[in-house]
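Written out below as structure tokens is the structure these notes cover.
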Amino acid sequence: MKAIAKTRPAPGAELIDTPVPRPGEGELLVKVAACGICGSDLHIYEWELGAERAVGRLPSVLGHEPAGEVVEVGSRVSGFKVGDHVALDPFGQCGRCGPCTAGRFNYCDAPTRLSGAFAEFCIAPVTNSWLVPKSMDMESAAMLEPFATGVHAVEISGLHAGDSAVVEGPGPIGLSAALSARALGVTSIVITGLKVDAERLELARRMGFKTVCASDRDWLEEVRALMPPGGADVVFDASGALDSARHIVRKGGALIELGWPARDVAGTELRSLFFHGVSIIPSRVRTPETWRRAIATVASGAVDLKPMVTHRYDLDHGLEAFELLKARQGLKALIMPQA
């Protein structure tokens, strides 16, 4: 089968031929219909920010945001059968460690992991697999993993219907948080981004959100003018910048950290958040309950994820997608192995 793989410890990737894998105990063989390119895939592609730890060994087939059809079931598998449609999570859970037994599955000490989905077929542990209705198109199903990340961030934020929120970073995760907040009934949502994000901010406006360009001199005043007096109830940092939330979150509000922090935080900033009583909450991936709610939300039609998909590539042209996203063009690119 064809697959996109990292073959050497240097920037780039290659299209290779590799045998179709066979599922082992507790595993599914999935015919991949669509797989999204994640920001971490770009880091691996560029061989930066600890990519060597994420890959482990070379060659390694990339891709971890897929959806597809079950074509073979390994031994000791229940709840799945050939023909089922599934969305896959790159992080499963062992169910036995301290965090898992406490219900904090997203902090599992020994998560089952999934990769290798930029290929015609991939192996999925059942603990990473989620049934989706056959009525859901596969592009939407492939977007469930980033959407569920946004759902989880909103779940832990304490937002209620009628509240206000600012989302910093107009990428797929930021927009997923905004979509989830709007579905909850949050009535005032502003998405911010830089000048280089102009295409993504325009897409956010087409999706019905207010936007502000954080490259503008008076952008903080623009954001505050769109928020209730006192500031936003919650700020979602999906950019990792961490430098503006203290200016736009209300006293007693919350800062939800979705992006990997891109810099050290100065003591003056932490003191400002401290004296304003702002809760700083890290939001890591998803939980099983989050997955169930994300699937139900999309299946019901309450949220449409398709507008976030701006580019689609078959495997033969998949490397072009990496270069496109590297140049910060488009929003979400899908690899469609069966195209």
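Glu168 and Ser239 are not linked by any side-chain donor-acceptor pair at a separation below 3.5 angstrom, with hydrogens and angles left out of the test. Under the 3.5 Å distance criterion, with hydrogens and angles disregarded, a donor-acceptor pair is assigned to the side chains of Glu155 and Thr290. For Trp291 and Asp89, the side-chain atoms include at least one donor-acceptor pair closer than 3.5 Å.
Side-chain contact between Met207 and Leu179 is present, with at least one heavy-atom pair separated by less than 4.5 Å. Between Glu120 and Lys31, the closest side-chain pair of non-hydrogen atoms is not below 4.5 Å. Counting only heavy atoms from C-beta outward, the side chains of Leu29 and Val20 approach each other to under 4.5 Å. Within the 4.5 Å cutoff, the side chain of Met227 has no heavy atoms near those of the Ile248 side chain. Residues Gln93 and Thr112 have side chains not in contact (no heavy-atom distance under 4.5 Å, counting atoms from C-beta outward). Taking the side chain as every heavy atom from C-beta outward, Glu27 and Val126 never approach each other to under 4.5 Å. Under the 4.5 Å side-chain criterion, counting only non-hydrogen atoms from C-beta, Leu42 is not in contact with Glu48.
Atoms CG and NZ, on Asp137 and Lys134 in that order, are 15.0 Å from each other to the nearest 0.5 Å. Note that OG of Ser40 is 7.0 Å distant from CD of Glu65, once rounded to the nearest 0.5 Å. Annotation: the span from Cys122 atom SG to Met1 atom CE amounts to 8.0 Å, rounded to 0.5 Å. The structure places CD of Glu69 at 9.5 Å from CD of Gln338, a figure rounded to the nearest 0.5 Å. To the nearest 0.5 angstrom, Lys306 atom NZ is 5.0 Å from Ser140 atom OG.
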| request: For the pair Leu258 and Thr149, evaluate side-chain contact (heavy atoms from CB on, under 4.5 Å) and give the outcome as yes or no after the intermediate values. | output: CA-CA 9 Å; Leu258 269 162; Thr149 300; 4.0 Å; yes
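For Arg22 and Glu72, the salt-bridge test passes: some basic side-chain N is under 4.0 Å from an acidic carboxylate O. By the 4.0 Å N-to-carboxylate-O rule, Glu199 lies too far from Arg328 to be salt-bridged with it.
Side-chain N or O atoms of His160 include one that pairs as donor or acceptor with a backbone N or O of Gly158 at under 3.5 Å. The closest donor-acceptor contact from the side chain of Lys332 to the backbone of Ile37 lies under 3.5 Å. Here the side chain of Ser283 pairs no donor or acceptor atom with the backbone of Glu257 at under 3.5 angstrom.
Between Tyr45 and Phe322, the angle of the ring planes stays under 30°, which puts this pair in the parallel group of the 30/60° scheme.
With a 6.0 Å cutoff to the six-membered ring centre and a 45° limit on the axis angle, Arg284 counts as a cation-pi contact of Phe91. Relative to the ring axis of Phe209, Arg182 places its NZ or CZ within 45° and under 6.0 Å from the centre.
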